[in-house]
Protein chains: 2
Amino acid sequence: MDRPRKPTLDTVASAVGVSRATVSNAYNRPDQLSAALRERILAAAQALGYAGPDPVARSLATRHSAAVGFMLGHRLSASFSDQALSVVLDGLASTVDGHDHCLVLMPGHDRGGPRPSTVSRAQADVVVAYSLPDDAPALAAVRARGLPLVVIDQPVLPDTARVEVDDYAGARMAAEHVVARGHRRVAVLTFALRPDGRNGLVSPVRRGSASFRVTRDRVNGYLDVLGDVPVWECADSTRELARTGARELLSPSPTRPTAVVCTSDELAFGAIQAARDLGLRVPEDVSVVGFDDIPAAQHADPPLTTIRQPLAEKGRRAGELALRLLDGGRPGEPSRVALGLVERESTTAVK
Amino acid sequence: MDRPRKPTLDTVASAVGVSRATVSNAYNRPDQLSAALRERILAAAQALGYAGPDPVARSLATRHSAAVGFMLGHRLSASFSDQALSVVLDGLASTVDGHDHCLVLMPGHDRGGPRPSTVSRAQADVVVAYSLPDDAPALAAVRARGLPLVVIDQPVLPDTARVEVDDYAGARMAAEHVVARGHRRVAVLTFALRPDGRNGLVSPVRRGSASFRVTRDRVNGYLDVLGDVPVWECADSTRELARTGARELLSPSPTRPTAVVCTSDELAFGAIQAARDLGLRVPEDVSVVGFDDIPAAQHADPPLTTIRQPLAEKGRRAGELALRLLDGGRPGEPSRVALGLVERESTTAVK
DNA sequence: TTGTATGCGTTATCAC
DNA sequence: GTGATAACGCATACAA
């Protein structure tokens, strides 16, 4: 027993005794027909169980789908536990949601971003990419489809709108902050350089082959200030992986670092926990600097010194760019947002 | 200057000198034509910049869109900061993504769920609803469109697949746990009873008019064990609102509670912070019980006693049900998942 | 204000 | 194996 065929515009039109176009107008251009007729049509539709124009057919006819695609670098679970992403996504959503758009999520199947086949089936008329590897196949898939693309924190791509941040400069700020406070033994804790799930100390070779631009720029920013210091890579930006890594970095030794700079606040939280695991106080024994300034940073114990990034603003900008591309606008200049150091209590001068 | 018209099946067909149908077959039924011809077609498509069949047109012709809709009770920001939701969503995504389906997110415009207009424009052929008010207009909109519906944690609806949990029993477990440890003065901290943004003590009238089934069942479970104890409602399940509320509940008084039971772990974290704000130790001075057992619960300080809910499993079940409805299957019996108490270190016997 | 004709890019059912 | 042809459900110039 299959369901009775759903009513269409035609069903309603012939029921009321008008043409398809008139029924269409009743929904899309109320000013094109008399209020009375419109009422009659809507009532008939109601009675027939017609819920309004079919979105797919409408999309085909109008050639746009009122949906914004969002490509993520990670699986959803990893993504959602990332507060920074959540805030960005919220900024984006607040912009596009006002326009009755849906968000089509294309989660990464592993760490490399969505599959090309997912991208080629997604019904969206613009897509926003965030925290993908520079060479993600999903990016090529979007371009192949000819969909307008907005990237956040990605390298320059031709004909693409971007919102960008000077991660290199931000990282330098963080490093200079600890150097200015007398720290000479510093370590770096970073999230993934490449999407292959590795955890551990980073060799120069690996550093050179980083495929996440954000990671590469931040790490380079640190090292250009700090010199050749140990760098520990975590496969994901999670507290637990950071805790494990930082325990290695901070293990007792004559050259134990007095400061750890981290590519995210989440990693910094893990570093603080690791310090405590080892009986070290923050900031008295170890200073810790984060990156992002997520909401939790100021409520942390101790409140976290970090590089502030206007996350919600990034999302909003991406949303605005997406809306503009949707309107047929040109990508235009990259939208650049500013970074700044927020000094709180997780750092202090070296003893 | 508008873009050159995109190539279609026809473009490729006439370039190769075959019919549209054959090109279509090259993509969808490789066994229907010779490998050599298929190669030629694919190569021509590549050369013409044809990225494969247009998803919208395909959806119109096949009458399904390979997308699963997900209706949220909240704005995206509130949703994304909710770890429990994230885990559910991940379970759902892992199920549907394996079948090359996209996830279409329909955020709530306030706390009442998505607008009907959003629902009627969304291109999905099944929708999953989560943490919506019982009377959310979005639910009616889905039914009006005749789309199959899967609900999580919602009241029974005719002709709808459900995954459900016995929240009432879970809440009883939590309450009985503290009672068994000698607590006689207990308070309840809950998330919203109704989607109106209220924060504060809950009157019996308000309690009776709760429109979130989950909240209603949990609070009733607590109170049926604890009697008529104070209940503080937070408009959202956030740490900060909980902190504020718990500070009220725990403010110095001869009847200050020795235990707080919370409808979510996130609220419990706020309660712990509030206790500390007031100079109270957890669990020595105040025991705290959460609900959900999100990943953060076991790493909390102190590790949180809570009611474990198999969140990822809920998502997966919802995904499986959605896939089944997609195949024309019947809703069938509700899929029920089990709850259990996880005793950690945030609770202890009363002094 | 209302109706007619046509196009949107596919898939699917048959012929050949 | 391959090719016409008819849906799919709607929007939109344009004519009436």
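Chain naming here is simple, since letters A, B, ... match the order of the sequence lines and numbering starts at 1 in each.
For the pair B:S19 and D:dA4, the criterion of a side-chain N or O lying under 4.0 Å from OP1 or OP2 is not met. Using a 4.0 Å cut-off, no side-chain N or O of A:S34 falls inside it from OP1 or OP2 of C:dT1.
Rounded to whole angstrom, the span from the CG atom of A:L33 across to the C1' atom of C:dG3 amounts to 12 Å. Atom pair A:Q123:CD and C:dC8:P shows a separation of 19 Å (rounding to whole Å applied). Atom pair B:R63:CZ and D:dG9:C1' shows a separation of 10 Å (rounding to whole Å applied).
Not one N or O on the side chain of A:T118 forms a donor-acceptor pair closer than 3.5 Å with the backbone of A:P116. The backbone N or O of B:V150 sits nowhere less than 3.5 Å from a side-chain atom of B:R162 that would complete a donor-acceptor pair. Side chain of B:R317 to main chain of B:R336: a donor-acceptor pair is present (N/O by atom type, distance under 3.5 Å, no hydrogens or angles). Between the B:R38 side chain and the B:A26 main chain, a donor and an acceptor come within less than 3.5 Å of each other. Formation of a donor-acceptor pair under 3.5 Å by the A:D90 side chain with backbone atoms of A:S86 is not found in this model.
Using a 3.5 Å distance cut-off with no hydrogens or angles, the side chains of A:Q123 and B:S65 do not pair a donor with an acceptor. Judged by distance alone, the side chains of A:R143 and A:T160 do bring a donor and an acceptor atom under 3.5 Å apart. In the model, A:R58 has a side-chain atom that pairs as donor or acceptor with a side-chain atom of A:N28 under 3.5 Å.
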Quick one, give me the B/S/- string for nucleotides 10-16 of chain C, reading 5' to 3', where B means a protein heavy atom under 4.0 Å from the base and S means that only happens at the primed atoms, P, OP1 or OP2.
BBB----
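Taking for each of B:Q32 and A:P55 the nucleotide of DNA chain D with the nearest heavy atom, the 5'-most of the two is the partner of B:Q32.
A heavy atom closer than 4.0 Å to some atom of DNA chain C occurs in no member of residues 37-49 of chain B.
Bending across the helix from C:dT1-D:dA16 to C:dC16-D:dG1, expressed as the angle between its end axes from five pairs apiece, amounts to 30° (10° rounding).
The aromatic rings of B:Y50 and B:Y27 lie perpendicular to each other, with more than 60° between the two planes, well past the 30° mark.
Residue A:V56 is classed as having no contact, given no heavy-atom separation below 4.0 Å to the nucleic acid.
Using a 4.0 Å cut-off between charged nitrogen and carboxylate oxygen, B:D54 and A:R145 do not count as a salt-bridge pair.
By the 6.0 Å contact criterion, CD on A:Q46 is open, its count of non-hydrogen atoms from other residues, nucleotides or ligands being 12 or less.
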